[in-house]
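Here is the structure we will look at.
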Amino acid sequence: MSVHMQFMLLFSRQGKLRLQKWYVPLSDKEKKKITRELVQTVLARKPKMCSFLEWRDLKIVYKRYASLYFCCAIEDQDNELITLEIIHRYVELLDKYFGSVCELDIIFNFEKAYFILDEFLLGGEVQETSKKNVLKAIEQADLLQEPRHEYFNVPVY
Amino acid sequence: MPAVSKGDGMRGLAVFISDIRNCKSKEAEIKRINKELANIRSKFKGDKALDGYSKKKYVCKLLFIFLLGHDIDFGHMEAVNLLSSNRYTEKQIGYLFISVLVNSNSELIRLINNAIKNDLASRNPIFMGLALHCIANVGSREMAEAFAGEIPKILVAGDTMDSVKQSAALCLLRLYRTSPDLVPMGDWTSRVVHLLNDQHLGVVTAATSLITTLAQKNPEEFKTSVSLAVSRLSRIVTSASTDLQDYTYYFVPAPWLSVKLLRLLQCYPPPEDPAVRGRLTECLETILNKAQEPPKSKKVQHSNAKNAVLFEAISLIIHHDSEPNLLVRACNQLGQFLQHRETNLRYLALESMCTLASSEFSHEAVKTHIETVINALKTERDVSVRQRAVDLLYAMCDRSNAQQIVAEMLNYLETADYSIREEIVLKVAILAEKYAVDYTWYVDTILNLIRIAGDYVSEEVWYRVIQIVINRDDVQGYAAKTVFEALQAPACHENLVKVGGYILGEFGNLIAGDPRSSPLIQFNLLHSKFHLCSVPTRALLLSTYIKFVNLFPEIKTTIQDVLRSDSQLKNADVELQQRAVEYLRLSTIASTDILATVLEEMPPFPERESSILAKLKKKKGPSTVTDLEEIKKERSSDMNGSAEPTPVNASNVSTPSPSADLLGLGAVPLTNSAPAPSSSGSLLVDVFSDSSSVAAPLAPGSEDNFASSSDLASSEVVSEEPADAVHDADELIHKFICKNNGVLFENQLLQIGLKSEFRQNLGRMFIFYGNKTSTQFLNFTPTVICSDELQSSLNLQTKPVDPIVDGGAQVQQVVNIECISDFMDAPILNIQFRYGGTLQNLSVKLPITLNKFFQPTEMSSQDFFQRWKQLSSPKQEVQNIFKAKHPMDTEITKAKIIGFGSALLEEVDPNPANFVGAGIIHTKTIQIGCLLRLEPNLQAQCSVLFQMYRLTLRTSKEAVSQRLCELLSEQF
C-alpha cells in the first residue's frame, strides 16, 4: 500500500538533527541508523546535484535552505517534485510564523516547529496546503495561551 | 538566546537549550543533561504537587533531551497528566511528548486512550484536532481498536468543522494502514467519496488521500470516485490562476490536490463512460498544453509545481496505456526535459521515460532519444542521473539497437562509479544474451565484461556464458578460440581463467588442430595461470586437466607429472589434494573407454530462466518488473530457443550460496530430496541451482561421484574414510512440516522413509531404512539425538534395530514421542554403518516440529477476532513478510494450512483472499492457543518472483509464535 511520506528530517550542515518526524513505525535504533546514514549521504552531495536520490527502496528528496537541510523519504510511486514543494511550503510556513526563520528559531522553539508540521502534514499526507489556514490554526492556538504574566513569578527550574 | 521567543516562552527551557548549545564537548553536554535529568526527577518525585506550567516545562525539557538522541525512561506519566489539562498549551505539549515517545506500555496506552476519548467528545474543535493528530502520529493497533469505529462518524457528521474533517480523514487513513482489519467499511464510505465535491479544498485534499488508499484495496466500493475525481480535476485545470485563492501555489492552481486526484485515477483503468473519459482526456491534454506555455513566474516553485502535475499526468497516461496520441505527446515532452538545464527535470525525464519504454505505443518514440541518453551517460556530473540513464538505455533496448547500447554500456563501464558497476555488468549480460543475433557477439561481450570489470562479474554471469556455450554447438569452436586468445594476456582476471578452463576442458579439441593452439600449448597456457589462482579455481583447473587426459592422450604423461608433483599430491588444501590423488589414479587405472565415458562432454543444460535476471531484480527492487515482463514475452525468440519458459523456482530466487559452485567443488552432500530422479540420465551439473541437494553428477570434479559410483570407480579409489556428512539442513524437515509421510533422505546406498502420527501431545514415528545396494550393511546403528535443551521438552524413546541390514532389505524403527513443553530445534538422527569396509556416518534432522502437536479448533468469525484482539501485545504476535516460493494457489495453500495442523477458518477474514487458522498446541505442561493469518499480496502481479505473503501468528507465548511463524513461512 502506498504511504506518501515515510519520514522527514531536518539537519544542519554540521550534521546535527534539528527535527525528525516519522510516519512509519520504526524502532529508535532503526531511526538512529537511518538518520546517520542519510545525513552522511546527503551532506556528501555537491551543490549542483539533483535533489533526488535512490536510497534503499525509497526515494529521497532533499533541499538545502541556508544552513539547514530538509530531507524527505517517499515511496517508489510518489511524486518527487510535489515533495520538493512540500518542503518549500513548510519552510514558508515556518518563515511566516517566526518572521524570517533561522536555524536558531527551530532549535529554541522546536515544539512549535512540530505543531506547524502537524497542521500541514498528517500521517505523511498533506492535510492543508493553504498557508493562511495553517497559520490561522496555529495562531488560534497561540491565542488560547495563558497570559504571560501568569508565569513571571514562576522561578526557573 | 534568540531575540524572539515565540509562544508562551518557557524561560527555563530556553535557558537549558542555551546551556546545551554552549557546551564545549560531548562530555560537558552529557554532564549538563544528567544534571537536568536529576533535577526533573526530583521535581517529579517531590512532595510538592507541581503546577501545570512546571510540568509542561519539564516534560518539554525531557522531550528536548530525547530529541538530542538520549534515552528517556521517565516522565510518561506526567505527560499523560498534561493531556487532561484544560489549558491548551499543556495539553499540546503532553500530546507532543506522547506522539514522539510513545511505547507500548499497555497501562499507559489505556490512560492515553481515555484522554483522547474525552477530547474527541469535547466538541471543542481544537481539542479534537489535537486528539486526532495524536492518533495519526502514533497509529498503534491499540488506538485503532479504540477509535477505528468512531472516527468515520466524526468524518462524515454534518456538523463537523472542516479542519476536524481533514484531520479525521488522514487519521483514519493512518489507522487503515496499520490495521486495515479494524476499520469497518460501511455507509460512511459513500459519504466519504462525496467529500470530493466539498467546497473546502483542504477537505478535498485530505479526503482524496484517504480514498486513494481505500480504493487500492477495495476498488469496487470506491468506483464512483472516478467520475467525481475527473470533474474536480477538470475544474481545477481549467480555472484561472487566481480562482482558487490560497490554494493557488505560485500561479499553479491546487497542485497538491491535482497530483492526488491523478494518483487516485491510477487505481482504476480508463473510465468506461465515454463522457467521463472524454473529459479526462481533455484534462490531460490541457496539462500537456500548459507545459508548452511560457512560465507565469521565473520562480522554481512555479515550474516545480507545474511539472509535478505534468509528471503525475504522464504517469496516469502510462498507467492507462491506451491513448497512443497522449503517449507520444508525453514522450515528446519528456524528450524536451532530457535537455533541460535543471538537473532535477533531466533526472525525472529519464526515470519517467523508462516506464514509457515498455509501452508498445511509445517504445519507438522513446528510442528516438537514444543519442541524448547516451550523451547523458557520458556528460552528467551526478551519478544518480547517470544511473537513470543506464536504466533507460536498458529499458529502450531491443534488437535494433542492442549492439549500440551494449557497446556504450561497456564503454561507460570502464569509468563507471564503483557503486553501480555490478548492476551495469548484469544489465549488459542480460541484454547481450537477450538480443544476440549471433553468438560470437555474445561470447565477445561477456569476455569483454570480464576483462573490463572482472571483479564485478558475479558467478551467475560466468555460469550463464558456460551454459549457453555448452547448449549451442555453433559457438563452441569460436568460444574456445576466443578464450584461448584472451588467456594470452599476461594478466587476466581469475573469472576469465575459470571460463577459459571450463571451455577448453570441454571444447579445447576444436582448436587443437591449429599448431598455435596445440594441446600442449593450451595446457601450458592454463597451467601458467594456475599458481596465481584461488583454491576453487585451481580445483576447476585440475578437472580441466583430467578432461584433457581424455581429449588429448598425447599429453597425458605431462598432466600426470603435474598431478604427481608434491605441490599437488601433498597440497595442504584437502580438496586439491584429493582431486590430484583421484585424478592421477583415474588416469592410471581406467581404460580409454572408461575415461571417455567418465569424462564425456557435458550434456546440454536444461532450459531455465537466467538467474542473472533474478540477481538484477534483487539489486534493483520492483522497478525492474516491467523489464522482466518484457523479457518473458520475448523469451520465445531468445537465443536458447526454449519452447516455453520454465517457471522460476525458489532456487533461482536467492543468490547461490558461495559453496554451490559450478562443478560442485564444495562439500556437496550426496543426493537427498533432489528433484532429479536418481536412476535416469540426470548426470549433469545444474549450475543454476543453488540447492546443494541436486544430484551431484559425474562432471569433472566432485569427489563424491568417485566415492559413490561404485560400478566405475571401485572402492579402492577411496583413499580415506569419508568425512561425516551432516544433512542437518532445515530443507529436509521443511518438506515434512505439512505432511507426515514420505522419503526423508536418499543417497546411493540408503533410503530413509517416514510414517508418523500425532495426537495431542503424543506421537509415534516409524522410520524405514532401506538398503539400496546388494551388499550387507554391518554394525547398522541409528541413534536419535536431542540437544540438552531439547531433552527437557521432548521425550523420545526408540528401540534398537538389528545391526545387519541385508542388501535390498528394509528395517523399521519406532520412535515414541512425548511433547513436554514447546521447543525450537528438531532432534537429529545419526546413522552409522559399515559398507564394503568403509564406515558410513550420516546425520539428518528428524521432522518432529512443534506444529505436529496442533489440534485444530473451529470457531466463528466473532470468536476469532475477539481472541485475536486478546493476543495483541507485541510479544504475542510475530509477523513475517516474505516472497512466495511457489505460485499462489488457493487450494494448495488451504491444504498446507490444514496439513500444518490448524483448522482452516472459512469466511472469517473480511478479505476473502486471506487465510486464517486456529488451533491449540498440546504439550504435557501447557496448552497454547494459536491463531494465524496469511495474507497474500495479490497486487504484485507478474512473475512469482515478486509475490509476497504476510504471515501473522498470535499465540500466548512469544517463542511459540516465533517458531510456528518460522516453520510455516517456509511452506509457501
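A note on names: the letters A, B, ... follow the listed sequences, proteins ahead of strands, and every chain is numbered from 1.
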Nearest heavy-atom neighbours spanning [X] and [Y]:
X	Y	value
B:F64	A:I107	CE1-O, 4.2 Å
B:G69	A:K32	O-NZ, 3.1 Å
B:T205	A:V126	CG2-O, 4.0 Å
A:S51	B:N344	N-OD1, 2.7 Å
A:Q127	B:S167	OE1-OG, 2.7 Å
B:A308	A:I82	CB-N, 3.6 Å

Contact part of [X] toward chain A, heavy-atom cut-off under 4.5 Å: side chain, backbone, both or neither?
X	result
B:R346	neither
B:L257	neither
B:I17	both
B:L67	both
B:Y95	neither

Where does [X] contact chain B at under 4.5 Å (heavy atoms): side chain, backbone, both or neither?
X	answer
A:I86	both
A:I138	neither
A:F110	side chain
A:L53	both
A:R45	side chain
A:K63	side chain
A:E103	neither

task = May I ask you to decide if the ring planes of B:Y347 and A:F52 are parallel, tilted or perpendicular, using 30° and 60° as cut-offs?
result =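 Ring orientation of B:Y347 relative to A:F52: tilted.
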
Less than 4.0 Å between a side-chain N and a carboxylate O, is that true for [Y] and [X]?
X	Y	result
B:K260	A:E125	yes
B:K56	A:E111	no
A:K46	B:D382	no

Candidate pair B:H133 and A:Y114, rule side chain to side chain donor-acceptor pair (under 3.5 Å), full reasoning = CA-CA 11 Å; B:H133 289 182; A:Y114 277 99; over 6 Å; no

Most heavy-atom pairs under 4.5 angstrom with chain A, which of [options]?
options	result
B:E380, B:E351, B:R381	B:E351
B:N137, B:V203, B:L345, B:N307	B:N137
B:L96, B:T208, B:I135	B:L96

To the nearest 0.5 Å, what is the distance between [atom1] on [X] and [atom2] on [Y]?
X	Y	atom1	atom2	result
A:D118	B:L170	CG	CG	11.0 Å
A:N133	B:D162	CG	CG	9.0 Å
A:K136	B:S163	NZ	OG	9.0 Å
A:S130	B:Y249	OG	OH	13.0 Å
A:M49	B:S384	CE	OG	6.5 Å
A:E85	B:K306	CD	NZ	13.5 Å

Is any side-chain heavy atom of [X] closer than 4.5 Å to a side-chain heavy atom of [Y]?
X	Y	result
B:L130	A:F115	no
B:Y88	A:Q140	no
A:L81	B:E312	no
A:V24	B:R177	no

ask   = Are there more than 12 heavy atoms of other residues, nucleotides or ligands under 6.0 Å from atom CZ of A:R56?
value =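 Yes, the 6.0 Å shell around CZ holds more than 12 heavy atoms from other groups.
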
key: Residue selection (most heavy-atom pairs with chain B, distance under 4.5 Å) from A:E128, A:K48, A:K132, A:Q20   =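 That would be A:E128.
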
task = For each of A:K16, A:E80, A:K131, tally heavy-atom pairs with chain B at distances under 4.5 Å, and name the one with the top tally.
result =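 Of the candidates given, the most pairs with chain B belong to A:E80.
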
key: Pair B:R388-A:E54, side-chain contact (heavy atoms from CB on, under 4.5 Å): steps then yes or no   = CA-CA 10 Å; B:R388 290 283 83 82; A:E54 278 186 341; 2.9 Å; yes

